[in-house]
Amino acid sequence: QVQLVESGGGLVQAGGSLRLSCVASGSIFSIAAMGWYRQIPGKQRDLVAEVAGGGVTNYADSVKGRFTISRDNAKNTVYLQMNNLKPEDTAVYYCNVRLRLRKNPERVNEYWGQGTQVTVSS
């Protein structure tokens, strides 16, 4: 009923940049928040950045000053611009969306993207 499509991952050298995108589609009434999480083997999935409906953003301390999250409300799309990448940024990045469906706008639903691999070499 709701589909999230991620793109933009890849292999880059330390100091390089990548831009991730995530597009939500379906019978969406409204989106409460969109964000990015990342996970590496043996670690929990952690918040990288998120943006709420009002435009307020939140970043993990480890990416502040390097990553920028943005959104296009008309296209139900969220982006993550990643600059000055470091090897410790290597992970699978997952898009997360909290939204209300048109058929039941009283309930907030959570959806995850399929994940996209980001690898930073030194």
Side-chain angles (χ1 to χ4, degrees):
Q1 195 166 16
V2 173
Q3 184 180 29
L4 304 182
V5 179
E6 301 180 29
S7 62
L11 174 64
V12 65
Q13 292 184 330
S17 299
L18 287 172
R19 186 176 181 86
L20 306 182
S21 65
C22 175
V23 182
S25 61
S27 186
I28 300 170
F29 179 79
S30 65
I31 294 179
M34 304 184 79
W36 293 93
Y37 291 70
R38 66 187 181 188
Q39 186 171 28
I40 61 176
K43 301 290 185 178
Q44 67 179 7
R45 186 174 298 183
D46 292 326
L47 173 71
V48 177
E50 64 179 356
V51 57
V56 62
T57 58
N58 184 37
Y59 295 90
D61 288 340
S62 60
V63 306
K64 288 181 179 177
R66 299 188 297 120
F67 292 9
T68 302
I69 189 169
S70 61
R71 65 181 181 178
D72 185 333
N73 292 332
K75 298 180 179 180
N76 291 329
T77 301
V78 63
Y79 305 92
L80 185 67
Q81 179 66 46
M82 304 184 292
N83 297 326
N84 191 24
L85 283 161
K86 303 176 180 180
E88 52 262 44
D89 295 318
T90 296
V92 177
Y93 285 69
Y94 296 91
C95 178
N96 173 267
V97 180
R98 283 165 278 166
L99 57 81
R100 300 175 186 270
L101 298 172
R102 292 188 183 276
K103 69 178 182 180
N104 187 15
E106 298 299 320
R107 184 174 70 149
V108 177
N109 301 275
E110 185 177 50
Y111 296 91
W112 291 92
Q114 79 279 8
T116 184
Q117 177 71 47
V118 172
T119 302
V120 184
S121 64
S122 59

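Here the CG-CG distance, from L47 to N96, works out to 8.5 Å after rounding to the nearest 0.5 Å. With values rounded to the nearest 0.5 angstrom, Y59 atom OH is found 10.5 Å from E50 atom CD. Expressed to the nearest 0.5 Å, how far CZ of F67 lies from CD of Q81 amounts to 9.5 Å. Separating the CG atom in N109 from the CZ atom in R100 is a distance of 9.5 Å, to the nearest 0.5 Å. Annotation: the span from Q114 atom CD to Q3 atom CD amounts to 8.5 Å, rounded to 0.5 Å. Expressed to the nearest 0.5 Å, how far OG of S7 lies from OH of Y79 amounts to 9.0 Å.
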Full working for side chain to side chain contact (heavy atoms under 4.5 Å, CB included) between V78 and I69
CA-CA 7 Å; V78 63; I69 189 169; 3.7 Å; yes
So R66 and D89, side chain to side chain contact (heavy atoms under 4.5 Å, CB included) or not? Walk me through it.
CA-CA 11 Å; R66 299 188 297 120; D89 295 318; 2.8 Å; yes
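A heavy-atom distance below 4.5 Å is not found between the side chains of V12 and M82. Considering only heavy atoms from C-beta on, N76 stays 4.5 Å or farther from V97 through its side chain. The side-chain heavy atoms of W112 and C95, taken from C-beta on, include no pair separated by under 4.5 Å. Within the 4.5 Å cutoff, side-chain heavy atoms of L18 are placed close to those of L85. The shortest distance between side-chain heavy atoms of V63 and R38 falls below 4.5 Å.
Connection of Y93 to V120 is established within a shared hydrophobic cluster, with ILVMFWY side chains joined at heavy-atom distances below 4.5 Å, either directly or through further cluster members. The cluster map of Ile, Leu, Val, Met, Phe, Trp and Tyr, joined by side-chain heavy atoms under 4.5 Å apart, puts Y37 and L4 in different clusters. Linking Ile, Leu, Val, Met, Phe, Trp and Tyr residues whenever their side-chain heavy atoms come within less than 4.5 Å places Y111 and M34 in a single cluster. When the side chains of ILVMFWY residues are joined at heavy-atom separations under 4.5 Å, either directly or via intervening members, L99 and W36 end up in a single hydrophobic cluster.
Remark: the backbone N or O of A52 is paired with a side-chain donor or acceptor of R71 at under 3.5 angstrom. Not one N or O on the side chain of T119 forms a donor-acceptor pair closer than 3.5 Å with the backbone of T90. At least one donor-acceptor pair closer than 3.5 Å links the side chain of E6 to the backbone N or O of G115.
When the side chain to side chain contact (heavy atoms under 4.5 Å, CB included) test is applied to P105, the partners found at least two apart in sequence or on another chain are F29.
L20 and G9 get closest at one heavy-atom pair: CD2-N, 3.5 Å. Between Q117 and V92 the shortest heavy-atom distance is OE1-CG2, 3.3 Å. In terms of heavy-atom proximity, S122 sits nearest to A14 at CA-CB, 4.4 Å.
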